[in-house]
Amino acid sequence: MQFKININGRSTICEAQPEDSLLEVLRRIGIYSVRSGCETGNCGVCTVWLNGTPVLSCSVPVARAEGQCVTTVEGVSEEAAALVEALSEEGADQCGYCAPGLIMAVLAMKRELSMPDEEGIAHYLNGNLCRCSGYRAQMRAIRKFLCAEK
């Protein structure tokens with residue numbers, strides 16, 4: 001079947017079965033920033049936006065994205081660059097495998113919440129797992145990013 005999805009501002013026709021996950025389809029068409037971590041909706045690595053709302057693409061059937069807008073980290077590159085800079089400045093460097101999903105979640109949080117405290121940030125990012133860090137440097141960087149952008 002063919003599914004028409006607006007991906008990062010571009011109308012795209014995707015060949016897929018209705019039960020294929022959005023993650024599978026995005027990777028099949030060459031969007032490799034969307035990664036597979038657990039395929040159970042628990043790690044946050046595959047986070048993208050569906051109509052501006054963060055979703056775990058491994059848990060979204062592609063049929064649900066038909067006619068909708070999907071945004072990946074490539075679609076928010078300028079905003080993402082500012083967050084990546086804050087992460088780097090705070091020593092929150094990591095392997096990068098989970099970074100696109102974390103970036104999508106943080107940028108969504110910035111749009112949805114007004115000046116969250118550390119507890120609010122941690123709650124919002126619950127489920128975004130990183131195997132490389134202890135999260136302290138990430139939390140500093142995220143707070144710095146959120147404060148600088150307001």
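As the structure is a computational prediction, the values presented were derived from the model and not from experiment. Atoms considered below: every heavy atom in the structure, side chains included; atoms not considered: hydrogens, waters and symmetry mates. Just so you know, residue 1 is the first one in the sequence shown, and it goes up from there.
Cluster annotation: Val48 and Val76 are assigned to distinct hydrophobic clusters (Ile/Leu/Val/Met/Phe/Trp/Tyr, side-chain heavy-atom contacts under 4.5 Å, transitive). Cluster annotation: Leu56 is not connected to Val60 through the hydrophobic network of ILVMFWY side chains, with a link wherever side-chain heavy atoms come within less than 4.5 Å.
Across all non-hydrogen atoms, the minimal contact from Arg64 to Val55 is NH2-CG1, 4.2 Å. The two residues Cys43 and Gly37 come nearest to each other via the heavy atoms SG-CA, 3.6 Å. When all heavy atoms are compared, the tightest approach of Gly41 to Cys38 is N-SG, 3.6 Å. Heavy-atom minimum distance, Pro54 versus Ala108: CG-CB, 3.6 Å. When all heavy atoms of Ser36 and Leu23 are compared, the closest pair comes out as CB-CD2, 3.8 Å. Contact detail for Met115 and Leu146: the closest heavy-atom pair is SD-O, 4.2 Å.
Rounding to the nearest 0.5 Å gives a distance of 4.5 Å between CD1 of Ile7 and CD1 of Ile31. A distance of 11.5 Å separates SG of Cys130 from CG of Leu125, quoted to the nearest 0.5 Å. Rounded to the nearest 0.5 angstrom, Leu87 CG and Lys144 NZ are separated by 10.0 Å. Distance check: Arg143 CZ to Glu90 CD gives 8.5 Å after rounding to the nearest 0.5 Å. In this structure, the separation between CG on Leu113 and CD1 on Ile121 is 9.0 Å, given to the nearest 0.5 Å.
Hydrophobic cluster of Leu129: the remaining members, joined at side-chain heavy-atom separations below 4.5 Å, are Tyr135, listed by chain and number. Counting side-chain heavy-atom gaps under 4.5 Å among Ile, Leu, Val, Met, Phe, Trp and Tyr, Tyr32 is found in no cluster with other residues.
Listed by chain and number, the residues in a side chain to side chain donor-acceptor pair (under 3.5 Å) with Asn6 amount to none (sequence neighbours excluded). In this structure, the side-chain contact (heavy atoms from CB on, under 4.5 Å) partners of Val84, at least two apart in sequence or on a different chain, are Ile103. Take Ala65 and apply the side-chain contact (heavy atoms from CB on, under 4.5 Å) test, not counting sequence neighbours, and it matches Ile5, Leu22, Leu50, Val70. Every residue meeting the salt bridge (Lys or Arg N to Asp or Glu O under 4.0 Å) condition with Arg136, not counting sequence neighbours, appears here in chain and number order: Glu118. The side-chain contact (heavy atoms from CB on, under 4.5 Å) check on Ala63 picks up Phe3, Pro18, with sequence neighbours excluded. Under the rule for a side chain to side chain donor-acceptor pair (under 3.5 Å), Asn128 has no partner lying at least two apart in sequence or in another chain.
Looking at heavy atoms from C-beta onward, Gln138 lies in side-chain contact with Leu102 at the 4.5 angstrom threshold. The shortest distance between side-chain heavy atoms of Glu19 and Val62 does not fall below 4.5 Å.
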Atom pairs and distances, side-chain donor-acceptor, residues 9-17, under 3.5 Å, sequence neighbours left out:
{"unit_1": "Thr12", "atom_1": "OG1", "unit_2": "Arg10", "atom_2": "O", "d": "3.1"}
{"unit_1": "Glu15", "atom_1": "OE2", "unit_2": "Gln2", "atom_2": "NE2", "d": "3.1"}

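Screening residues 25-46 for salt bridge (charged side-chain N to carboxylate O under 4.0 Å, His left out) gives Asp20-Arg28 as the qualifying pairs, with residues at least two apart or on separate chains. Applying the salt bridge (charged side-chain N to carboxylate O under 4.0 Å, His left out) test to every pair with at least one member in residues 72-85, sequence neighbours left out, gives these pairs: Glu79-Lys110, Glu79-Arg111. Applying the side chain to side chain donor-acceptor pair (under 3.5 Å) definition to pairs two or more places apart or across chains, those involving residues 44-62 are Asn51-Gln68.
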* To do: Report the C-alpha distance between Met104 and Thr72 in whole Å, list the side-chain angles of each, state the deciding distance to 0.1 Å, and finish with yes or no for side chain to side chain contact (heavy atoms under 4.5 Å, CB included).
  => CA-CA 7 Å; Met104 296 305 290; Thr72 69; 5.6 Å; no
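At most 12 heavy atoms of other shown residues, nucleotides or ligands fall within 6.0 angstrom of atom CD in Glu119.
A donor-acceptor contact shorter than 3.5 Å is absent between the side chain of Glu112 and the backbone of Met109.
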